[in-house]
Amino acid sequence: AMREKERAVLYTGDIGRRHFEEELVLEHMRRVLRDGFEEFHLAYQPIVDRSLSIVGAEALIRWDNPALGSVSPARFIPLAESTGDIMAIGQWVLYRACKQLSLWHARGFRDLFISVNLSPPQFKLHDLAFRVAGILKSLAFEGRFLKLEVTEGVLMDHPEEAVEKMNELRAMGVKLCIDDFGTGYSSLGYLRRFPFDTLKIDRSFVVGVEDDPSLQGIVRAIIGVAGALGISTLAEGVENERQLDFLMAEGCEMFQGFYFARPVPPEEFERLLREGVRVARA
Ligand code: C2E
Ligand code: MG
Ligand code: MG
Ligand code: MG
């Protein structure tokens with residue numbers, strides 16, 4: 001059957017090819033879900049504060065498949081969202097990430113938090129808070145060490161429900177972060193309605209910020225508004241010293257990016273916890 005599909009693709013141009021590739025990824029993904037997730041693992045990227053100490057880790061899913069190679073989450077997460085498979089994947093990520101953090105806490109890194117991405121369909125689950133509570137309870141894990149990242153999109157459809165859900169999570173101590181801020185449709189004023197703890201400045205505003213006055217203006221405005229609302233700021237995608245210098249000068253509170261460290265396996269993250277991140281100073 002695989003052969004036939006492969007041959008069909010040769011004759012059906014780009015759209016056919018895209019469709020075929022998605023089908024192929026989905027087929028493999030379904031098998032991974034059936035067989036206990038063993039091709040998935042989590043990478044962890046350090047989040048540092050203004051003293052460049054590691055204060056948190058963002059959990060990022062990785063998939064290494066013998067046939068497909070390493071499949072980017074940017075490719076398979078949207079597919080999983082469209083089929084509903086994201087529910088199972090998301091639950092797995094949440095549990096694994098919390099479990100890893102409890103291990104690090106037990107090893108003495110007691111203040112570290114974990115940041116976990118939630119897909120829009122996950123955020124929309126009516127029993128999201130209940131599910132999160134179940135994981136926290138099974139790991140004897142305090143909610144305040146968990147930060148959930150959501151994108152602007154999930155807020156727009158039913159803002160009242162979103163606020164209600166966020167308040168349920170906050171009642172358990174769970175922190176909320178707005179991811180990729182500035183790329184969606186919401187305005188700065190919209191932020192006021194939602195109880196976020198942290199705002200992640202999207203990487204697209206950080207790339208080139210060191211040389212571009214208009215980007216500097218945008219970043220300055222975002223940090224200013226977040227500050228006025230009591231929301232802490234985190235810049236994602238920091239890749240060099242000059243970007244960091246600018247963001248520091250503007251009062252940004254946390255940073256994440258290749259300049260400090262890439263997403264790494266847990267053993268490597270633990271080494272970073274012991275030794276600290278090393279940055280290349282010009
Ligand atoms: P995101 O949540 O905005 O995650 C940040 C992405 O930027 C990660 O890509 C990370 O590797 C990358 N990144 C970090 N620092 C830098 C940098 O300095 N430069 C550049 N160029 N990139 C940097 P990744 O791991 O490929 O993930 C892509 C997206 O896939 C994530 O964006 C998130 O939306 C989604 N994703 C990843 N893991 C999960 C997951 O477990 N659940 C869900 N729902 N989504 C996930
Ligand atoms: Mg994220
Ligand atoms: Mg992000
Ligand atoms: Mg992003």
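All ligand and atom numbering here is 1-based and tracks the order in the structure.
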In ligand 1, which numbered atoms sit nearer than 4.0 Å to a non-hydrogen atom of [X]?
{"X": "Asp180", "value": "3 (O)"}
{"X": "Gly257", "value": "15 (N), 18 (O)"}
{"X": "Gln45", "value": "14 (C), 15 (N)"}
{"X": "Arg203", "value": "19 (N), 20 (C), 21 (N), 22 (N)"}
{"X": "Gly237", "value": "16 (C), 17 (C), 18 (O)"}
{"X": "Glu236", "value": "3 (O)"}
{"X": "Glu239", "value": "17 (C), 18 (O), 19 (N), 20 (C), 21 (N)"}

- Taking the Mg ion (ligand 2) as the vertex, how big is the angle to OE1 in Glu149 and OD1 in Asn117, rounded to 10°?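 Seen from the Mg ion (ligand 2), OE1 and OD1 are separated by roughly 90°.
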Using a strict threshold of under 4.0 Å (side-chain N to carboxylate O), is an ion pair present between [Y] and [X]?
{"X": "Glu250", "Y": "Arg220", "answer": "yes"}
{"X": "Lys200", "Y": "Glu58", "answer": "yes"}
{"X": "Arg50", "Y": "Glu253", "answer": "no"}

- Message: Of all the N, O or S atoms in Asp179, which has the shortest distance to the Mg ion (ligand 2)?
- Response: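 The Mg ion (ligand 2) is closest to the Asp179 atom OD2, counting only N, O or S.
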- Of the N, O or S atoms in Glu58, the one nearest the Mg ion (ligand 2):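 Of all N, O or S atoms in Glu58, the Mg ion (ligand 2) lies closest to OE2.
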- Considering Ser115, Cys177, Pro73, which one's heavy-atom position lies nearest to atom 37 (C) of ligand 1?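 Ranked by closest heavy atom to atom 37 (C) of ligand 1, first place is Pro73.
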- Item | Nearest neighbour of atom 17 (C) of ligand 1 from the list Phe258, Trp92, Phe255, Phe123, on a heavy-atom basis |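 When every heavy atom of Phe258, Trp92, Phe255, Phe123 is considered, Phe258 comes closest to atom 17 (C) of ligand 1.
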- What orientation do His105 and Phe141 show, parallel under 30°, tilted 30 to 60°, or perpendicular over 60°?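 Ring orientation of His105 relative to Phe141: parallel.
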Are the aromatic rings of [X] and [Y] close, with centres under 6.0 Å apart?
{"X": "Phe194", "Y": "Tyr190", "result": "yes"}
{"X": "Trp104", "Y": "Tyr44", "result": "yes"}
{"X": "Tyr95", "Y": "Phe37", "result": "no"}

- Task: Tell me whether Asp180 has at least one N, O or S atom under 2.8 Å from the Mg ion (ligand 3).
- Result: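 Asp180 does place an N, O or S atom closer than 2.8 Å to the Mg ion (ligand 3).
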- Query: Below 2.8 Å, any N, O or S contact between Glu236 and the Mg ion (ligand 3)?
  - Reply: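 Here the distance criterion (N, O or S atom, under 2.8 Å) is met by Glu236, so yes.
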- Donor-acceptor pair, side chain of Glu268 and main chain of Pro265, under 3.5 angstrom: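 Here the side-chain-to-backbone pair does not exist.
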